[in-house]
Every structure is written in structure tokens, then in C-alpha cells.
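Let me begin by presenting the structure, written as C-alpha cells, before commenting on it.
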Amino acid sequence: MSKPLVIVESPAKAKTISKFLGDEFVVRASVGHIADLPSKGLSVDVENSFKPNYELTERGATIVRELKAELKNASVLYLATDEDREGEAIAAHLFEYLKPKVETKRMVFHEITKAAIDEAIAHPRNIDMKLVDAAEARRILDRLFGYEVSPILWRKVNRGLSAGRVQSPAIRLVVEREQERMAHVSAAYWDLEAATTTDPKFTATLQSLDGKRIATGKDFDSLGVAKDGIVVINEERANQLTAGLQGKSLDVRSVEEKPYRKSPKAPFMTSTLQQEGGNKLRITASEVMRLAQGLYEAGYITYMRTDAVILGAEALGAVRDEIINTYGDKFLATEPRVYKSKVKNAQEAHEAIRPSLPLRSPESLADELRPNELALYRLIWQRTLASQMSDTNGTTVTVKMGTVSAGTAPADCEFSASGTAISFPGYRQVYQEIADENEDEKEALLPALKVGDSVGIESITANGHNTSPPARYTEPTLVKRLEEEGIGRPSTYASILGTIINRGYVWKKG
DNA sequence: CAGTGAGCGAGCTTCCGCTTGACTT
């Protein structure tokens, strides 16, 4: 009996889809690309419209042989590779090498659910040759750049070196950062902290002298020069002021209350998962991918090489139900949150990286998963749930208070302190971000104060600082930058790091 | 005569992106 043959890219995906389609369909995988330019020689006919010389890869030839055998019993062929540039090329290459005698259709879907698969089967399209051309042009360009420039490095620098459209800009980023660090001139500045005698006591920071704002680290440029109109306090001045404030108290000049509100981040895609894996679990980008691959193959999570942050309709419903059931209505975002990828030229052939359906909590999987797998799963679970939860709400109170110092060079000293009281945790019940360096929200509580109150000073501390050069890249920050610049793809972020390290262009320290 | 050195020619390295799985560390 002849059945339709469906070909996807990933074997794990083939298994899942096969469950949805049942015995009436045969589902197989191409296991990635089946054809490529041979590694030997340029394999691009530059004289003849840059015609590429694609050949079946060794594994591709085996796959094609097996697929041809399946095709003998097939009633119709569905090419169901990913709907992105490379997926379209794989579909075209399959068509070219399989030479199917049966009717052939291109089917595409962006989430692996029964509804989405049925819909895809019902509405096939044709292979988009423009997209295939784009994929081949990308391949040709990479070959021309890589294979023309690399030999110059062998001759001029060292054998085995390489250059390419992706690795070379990646190195440039690292080099430029290092040059910035070398050119950086450190500046010294001091600040003053006042500890109060209030209950509860708090710490306020000196903010201005005679109405002029005093310098913090951000006020210096890379040559150590402070911005115009900013006062830099040196050690001597800091000591003068400390002495001049002894025995003084501060008058409250303003109390400002502002609502505090923060929304959750989008669900994971490859780059953000690698970043958070690095930040929170302290594992490398390639280790994150290895663990995610295991979780994906065993059916715990969706596909892990994606630049999309979208939850499919079914997943969205399941996630929102889970929030209601576990945390209650109040923790659910009133409207479904819709996220959009900020990646340049995002192709969005898959969903975000999320737990697969039906949802299983990390706790329920504690016995099935190894510790580091479970940790990564928990991260994905938390981020996915948080993405559909309500905002974190609270109030930020900022108090300004001041007095005139005594002694040498008296000046009006204004101090400032702020504290945020969280009234409703919202998504933070589930997922806590690592604080960005540019937001210094302290969750300290201030006593109730009003304008005109007098606040006693328990002690004044002068602290010396030096501005530091921009930090070197880490794996997570470099991946983030690569993604922002549109360099590389989800399937290659981890290996780019490997390439530039193996060539000896960059090295890891610490 | 034995050892040395110059000169020649052939073969090798490399890109990026899509998949696993077979290797080390």
C-alpha cells in the first residue's frame, strides 16, 4: 500500500510528527544538508556566472539512497524542511537528487502540533526558487571570501589560519574592545556616603555640591576627562567635606514617589538561552547546546536552534492555564504578551525554546533528568512561564536632603537615596533576571520622610574610585553582540567561539 | 669518498550553515 512520504530535517522532529500523522504517513529526516560544495578547491565557477558545484555529501548519499527506497512505495512526496533560507535549499536539493516520479509538494509549519501539521498538509506550496538562490548565493559568497583570503594568511602569517565572513568580524569585535581597553585612561574620583540615624537607617550618596552634580564613573570619557559642568571630587576635597559634615544633620528637601513597573523578557531563543546558561548556570555555549539537544531529542523541549521568540497558539494557551493553576489569576498577564524577535534578518522558522506539551514542571522531572539537564530545563520553564505573567509592580521613593558643610571651603551638600518597595512580584515570582549593570535599583526600604524633616548623620564615609576600561567579552556577551550585529546563525554561535579560539586568534582567560 | 646544501615539485591547510553522533577532556 502506498503512503505519502514526508521529509523533515531532524530525526527527532520526524519521530514527533509521525505520532501526529499516524500510520497513514511515512516520515523521514534529511538530517540537515545533503549536498554541499566539496571542501577541496573553490568549487565555484567564477568565469561562468559563479555557478556552484554542489555534490552530495558522503552522508547525504546514504540518506538519498534510503529515501529513494522509501519513495518507491510513496504516493506523494512532502518536502517539509524548515521554512527558512537553508531549509528551502535542502528541499530543492532533495528534489534534485531524489528525482521523484510522484507528485511533490512543499509543506511548512512553524510549530509542531497536530493542528499546525494538519494545516500544513492541507495547504502545501511550491519550492521558492528565489529563497533557494539566496541560500546558494550565501554559500558561494562564504566560499569565495573564506577560500580566497585564508591562503593569504598561510603565506603571510602561518599555515592553517583562516578568515571568513563570520569569524573575521567576530575577531574584529574582540580586537576593537582590546584597543579600547589599551587606549583607556583611568580617572580617579571620590564620593561620600552618609549613614543616617533614622529607623530603619539608610545610606545616602552625595549628589551635588552647590547645585553642581558630582561625578560618578559614567561621567568620564575613555580619556579620563569628566563631562562639562560636572564636579570631580579628589581625595583632599572628600576629606574636607567629611570633616565639614561632622555633627551636622540633613534637611529633607524633596520626597518623590514614582511607580515602579517591570515587564518580563521574551521566551528563549538560541542566543538568549546561551547567554543565560552562561550567566546563571555558568556553562559554556556549546555545553548549553549539548544539554538542550538531549532535552529536545527526549521530547522535553522544543527545537533549540531558533531565532524566534514566539509561542505557538497551543503552547500559549497551555502556559497561561499553567500560570492560573499554579499562581492564580493575578499573576497572569491580562492580555497574551506577543514578542517579536529583535534579531537582524530573523528567519523565525520555529517557535521559541520552551517546554514541550503537555507541560511538565521541573519538579515532576527531577527523577528523570540529570542535574545539569534539569537545571537548564528549569531555566527554560521559568522563562517561558514568566513571559506570560503580569508585571512586577511597586513604588520607588527618592529622597533628596542636604546641608551646608563647615570648615574649609564650605559648600552646600545634597545627598540622595532611593528605595523600591515591591508591592506585587508578578513574573518575578518565577524568574529573576540578573540585574543589568546600568540599572541600580536598590530594593532598600526608606523610613517615612517628609519635606522639612531633619535626618541625623551617623557617619560619613569617603570612598575613592578609579574608572575602569570597558570589560572584555565573555562567551555570553560575545554571543549577544554577534546576534545583535546579525553575524552567524543559531546553529553556529557556539562553534564560532570554538573556531576563533582554535586558530589562536583569541583565548579564554580566567 | 662521504657528507652537505641547493633546488625542485607535490601535497596540505581554509569558508558557513544544516543536522547528529563519535570522539576526547
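In this text, all values refer to a predicted model and were calculated from it rather than measured experimentally. We use all heavy atoms of the structure for the numbers below, so side chains are in, but hydrogens, waters and symmetry mates are not. A note on names: the letters A, B, ... follow the listed sequences, proteins ahead of strands, and every chain is numbered from 1.
- For the pair A/R481 and A/Y473, the NZ or CZ position fails the cation-pi test of under 6.0 Å to the six-membered ring centre and within 45 degrees of the ring normal.
- What separates CD1 of A/I496 from P of B/dC15 is a distance of 12 Å, to the nearest Å.
- In this structure, a donor-acceptor pair under 3.5 Å is present between the side chains of A/Q167 and A/S162.
- Nearest-nucleotide assignment on DNA chain B puts the 5′-proximal partner with A/P38, out of A/P38 and A/G87.
- Of the side-chain N and O atoms in A/R59, none sit less than 4.0 angstrom from OP1 or OP2 of B/dT20.
- For B/dC15, neither phosphate oxygen OP1 nor OP2 lies less than 4.0 angstrom from any side-chain nitrogen or oxygen of A/R138.
- Atoms CD and OG1, from A/E475 and A/T284 in turn, are 5.5 Å apart once rounded to the nearest 0.5 Å.
- Distance from the side chain of A/D142 is smallest for B/dC16 among the nucleotides B/dT20, B/dC18, B/dC16.
- With a 6.0 Å cutoff to the six-membered ring centre and a 45° limit on the axis angle, A/R503 does not count as a cation-pi contact of A/Y505.
- Using cut-offs of 30° and 60° for the angle between ring planes, the A/Y377 and A/Y300 rings count as perpendicular.
- At the heavy-atom level, A/R143 lies under 4.0 Å from base atoms of the strands shown.
- The side chain of A/R139 lies closest to B/dC16, out of B/dC18, B/dC12, B/dC16.
- The A/R503 side chain lies nearest to B/dT14 when the options are B/dC12, B/dT14, B/dC18.
- Contacts of A/R155 with the nucleic acid, taken as non-hydrogen atoms under 4.0 Å apart, are absent.
- We find that NE2 of A/H33 is positioned 14 Å from P of B/dC16, with the value rounded to whole Å.
- Contact annotation for A/Y147: base contact, defined as any heavy-atom pair under 4.0 Å involving a base atom.
- Straight-line distance from the OH atom of A/Y54 to the P atom of B/dC15: 17 Å, rounded to whole Å.
- Put simply, CZ on A/R28 is 17 Å from C1' on B/dT20, counting in whole angstrom units.
- Here the side chain of A/P151 is nearest to one of B/dT14, B/dG17, B/dT20, namely B/dT14.
- At least one donor-acceptor pair under 3.5 Å links the side chain of A/E373 to the backbone N or O of A/R370.
- Looking at heavy-atom distances under 4.0 Å, A/Q167 makes contact with sugar-phosphate atoms alone, never a base.
- Contact between the side-chain N/O atoms of A/S162 and the OP1/OP2 oxygens of B/dC15 is found at a separation under 4.0 Å.
- Put simply, CG on A/L482 is 12 Å from P on B/dC16, counting in whole angstrom units.
- Listed nucleotides: B/dG17, B/dT19, B/dG21. Nearest to the side chain of A/E297: B/dG21.
- Using a 30° and 60° split on the angle between ring planes, A/Y431 and A/F268 fall in the perpendicular class, above 60°.
- Taking 4.0 angstrom as the limit, A/S150 places none of its side-chain polar atoms (N or O) nearer than this to OP1 or OP2 of B/dC15.
- In this view, A/H110 and A/E83 satisfy the side-chain contact (heavy atoms from CB on, under 4.5 Å) rule, not counting sequence neighbours.
- Across all strands shown, A/A89 has no heavy atoms under 4.0 Å from either base or sugar-phosphate atoms.
- Computed from coordinates, the A/R305 CZ to B/dT19 C1' distance equals 6 Å when rounded to whole Å.
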Any chance you could encode DNA chain B as dot-bracket? Rule is Watson-Crick or G-U wobble with both distances under 3.5 Å; [ ] for pairs crossing earlier ones, | for another strand. .........................
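- One finds no side-chain N or O of A/S491 lying less than 4.0 angstrom from the OP1 or OP2 phosphate oxygen of B/dC16.
- Considering only side-chain atoms of A/S10, the nucleotide from B/dT19, B/dG21, B/dT13 that sits closest is B/dT19.
- Note on ring orientation: taking the six-membered ring where Trp is involved, the planes of A/Y296 and A/Y303 are perpendicular (angle over 60°, cut-offs 30° and 60°).
- Among the protein residues, A/G32 comes within range of the nucleic acid bases, having at least one heavy atom under 4.0 Å from a base atom.
- Nucleotide B/dT20 holds its P atom 14 Å from the CG atom of A/L295, rounded to whole Å.
- Among the heavy atoms of the strands lying under 4.0 Å from A/L161 are primed sugar atoms or P, OP1, OP2 only; no base atom is included.
- The nearest whole Å value for the distance from the OH atom in A/Y493 to the P atom in B/dC18 is 10 Å.
- Judged by closest nucleotide on DNA chain B, A/S39 is the one of A/S39 and A/D84 placed further toward the 5' end.
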